[in-house]
Protein chains: 2
Amino acid sequence: MKIPGLDPTDIDILRLLQKDAQLTNKEISFTLRKSIATIHERIRRLKEQGYIDRVVAILNRKKIEKSLIAFSQVLLNGHAADTLYQFEKEVMKFPEVMECFQMTGNFDFLLRIATSDMDAYHDFYRHKLATLPNINSIQSFFVLSETKSVTAYPL
Amino acid sequence: MKIPGLDPTDIDILRLLQKDAQLTNKEISFTLRKSIATIHERIRRLKEQGYIDRVVAILNRKKIEKSLIAFSQVLLNGHAADTLYQFEKEVMKFPEVMECFQMTGNFDFLLRIATSDMDAYHDFYRHKLATLPNINSIQSFFVLSETKSVTAYPL
DNA sequence: ATTGAAATGTAGGAAAC
DNA sequence: GTTTCCTACATTTCAAT
């Protein structure tokens, strides 16, 4: 079995819910040819055991005026545990930072930053990000166009 | 008004649904001190007008054995419209590629790639990604740890 | 656009096979 | 794991404001 604790029906359910979490148990049971009660019980278990983390609404970025997405590579001065921890602790408080990953390679963190436009990004950069302690360098790249963007993991 | 076509109540609703789309209309109506019918009508409108793109289940990456996330910077040979288009068309077919953005800067595309481990990534790299035409270089970075990862835009 | 109330459908739980 | 039944909630519609 590919994923410990999950059988093919569980995988099918996860595949469907990753694309559309508003499917009713009835619709899922029809698609997968199982009873409603089975689907209900499976989903309950998948949530309880933490396979499904949460259900969220994905907004249309263009419509809500967060048209500018930046990916910023951050290099810190030194890698003392405390330096890393302090950076993480502060950067995750910024709502503009949707993602922050510590990375392999020649920089320390990769951030995904959402703002309305370049002015707003500049503002965030100067008055928030660049004010954090122990920052050596920040290199930013901006999204020109979005070819694909899904939240569904391949299963 | 910050976002055209939305009043403060709409913004509040979007903020809540971005974090938890399983909130019932009743719960939202209680939080925002509006009637259930109002909340219902607002959400219907937000979906119809495309502010809410979709509602999805977010899985726990660790539990489903997609522990390895790579960000790959791809540089193509030349930027003929057809070269770009062909790359986009092919790369978006790969389920491992969760995101593909055309970017500013000294590379053309940034990909987010989800696989189970380094072996699976290597396999994807050699037999899928690197076989696409007109690829000049691919530089990959891997996620060591996840400090923050949300799908909610700041509103 | 907002509301309360009424109708419909779904979720969630229990029992028996 | 499935089926049936049941109750409680949630969604959806609608007439009135």
Side-chain angles (χ1 to χ4, degrees), chain A residues 1-66 116 151-153 155, chain B residues 1-60 63-65 150-155:
Chain A
M1 208 174 307
K2 265 179 60 182
I3 302 176
L6 299 185
D7 72 8
T9 302
D10 292 321
I11 305 277
D12 285 340
I13 292 172
L14 291 179
R15 247 196 278 263
L16 290 172
L17 292 181
Q18 279 198 113
K19 298 232 165 100
D20 183 1
Q22 309 224 85
L23 291 169
T24 62
N25 292 349
K26 197 176 173 183
E27 291 169 310
I28 296 171
S29 75
F30 181 78
T31 305
L32 303 185
R33 288 154 220 277
K34 302 267 170 186
S35 75
I36 295 178
T38 300
I39 300 297
H40 180 258
E41 169 56 19
R42 298 278 191 142
I43 294 177
R44 190 200 62 70
R45 212 189 86 246
L46 289 168
K47 282 184 177 153
E48 190 219 357
Q49 298 184 348
Y51 292 97
I52 297 174
D53 186 51
R54 60 196 195 279
V55 173
V56 301
I58 304 291
L59 306 190
N60 181 335
R61 168 164 86 73
K62 298 280 173 60
K63 296 278 293 189
I64 57 163
E65 310 274 294
K66 297 291 164 188
S116 51
T151 52
Y153 291 98
L155 292 179
Chain B
M1 210 174 305
K2 265 178 61 184
I3 302 177
L6 299 186
D7 72 9
T9 301
D10 293 320
I11 304 278
D12 285 339
I13 292 172
L14 291 179
R15 247 196 277 264
L16 291 171
L17 292 181
Q18 279 198 112
K19 299 228 164 108
D20 182 2
Q22 310 225 82
L23 290 169
T24 62
N25 292 345
K26 195 177 174 185
E27 290 170 311
I28 296 171
S29 76
F30 181 78
T31 305
L32 303 185
R33 288 154 220 280
K34 303 268 171 185
S35 76
I36 294 176
T38 299
I39 299 299
H40 180 259
E41 169 57 19
R42 296 275 190 145
I43 293 176
R44 190 201 60 72
R45 211 190 88 246
L46 289 168
K47 282 183 179 154
E48 189 218 0
Q49 298 185 345
Y51 291 96
I52 297 174
D53 186 51
R54 61 197 194 279
V55 173
V56 300
I58 304 290
L59 306 190
N60 182 335
K63 297 277 293 187
I64 55 162
E65 309 275 292
V150 300
T151 51
Y153 291 98
L155 293 179

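Here the structure is a predicted model, which is why all the values come from computation and not from measurement. Lettering follows sequence order; numbering is per chain, from 1.
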From [atom1] of [X] over to [atom2] of [N], roughly how many Å is that when rounded to an integer?
X	N	atom1	atom2	result
L23(A)	dT10(C)	CG	P	12 Å
E27(A)	dT11(D)	CD	C1'	14 Å
N25(A)	dA10(D)	CG	C1'	14 Å
I36(B)	dG4(C)	CD1	C1'	10 Å
F30(A)	dT10(C)	CZ	P	14 Å
D7(B)	dT2(C)	CG	P	7 Å
I13(B)	dT2(C)	CD1	C1'	12 Å
R33(B)	dT2(C)	CZ	C1'	17 Å

Check: [X] side chain, [Y] main-chain N or O, donor-acceptor pair, under 3.5 Å:
X	Y	answer
R42(B)	T9(B)	no
K26(A)	I36(A)	no
D10(B)	D7(B)	yes
T38(B)	K34(B)	no
K63(A)	P4(B)	no
E27(A)	T24(A)	yes

### Query
Given that both pair distances must be under 3.5 Å and the pair must be Watson-Crick or G-U, what runs of three or more consecutive pairs involve DNA chain D?
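Consecutive-pair runs (3 or more) involving DNA chain D: C:1-17 with D:1-17.
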### Query
Any side-chain N or O of H40(A) less than 4.0 Å from the OP1 or OP2 oxygen of dA11(C)?
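Answer is no, no contact under 4.0 Å.
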### Message
For a quick check of understanding: with a heavy-atom distance under 4.0 Å over all strands, which category does R42(A) fall into, base, sugar-phosphate or nothing?
### Response
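Answer is sugar-phosphate: R42(A) comes under 4.0 Å of backbone atoms only.
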### Task
Remember a base hit wins even if backbone is also touched, and classify T24(B) as base, sugar-phosphate or nothing at under 4.0 Å, heavy atoms.
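It contacts sugar-phosphate atoms only.
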### Message
Taking side chain to side chain contact (heavy atoms under 4.5 Å, CB included) as the criterion, tell me which of D20(B), T151(B), N60(B), L59(B) meets it with R54(A).
### Response
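That would be T151(B); it is the only one of D20(B), T151(B), N60(B), L59(B) passing the side chain to side chain contact (heavy atoms under 4.5 Å, CB included) with R54(A).
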### Query
Which of the following nucleotides, dT10(C), dT3(C), dT3(D), is nearest to the side chain of S35(A)?
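Looking only at side-chain atoms, S35(A) lies closest to dT3(D).
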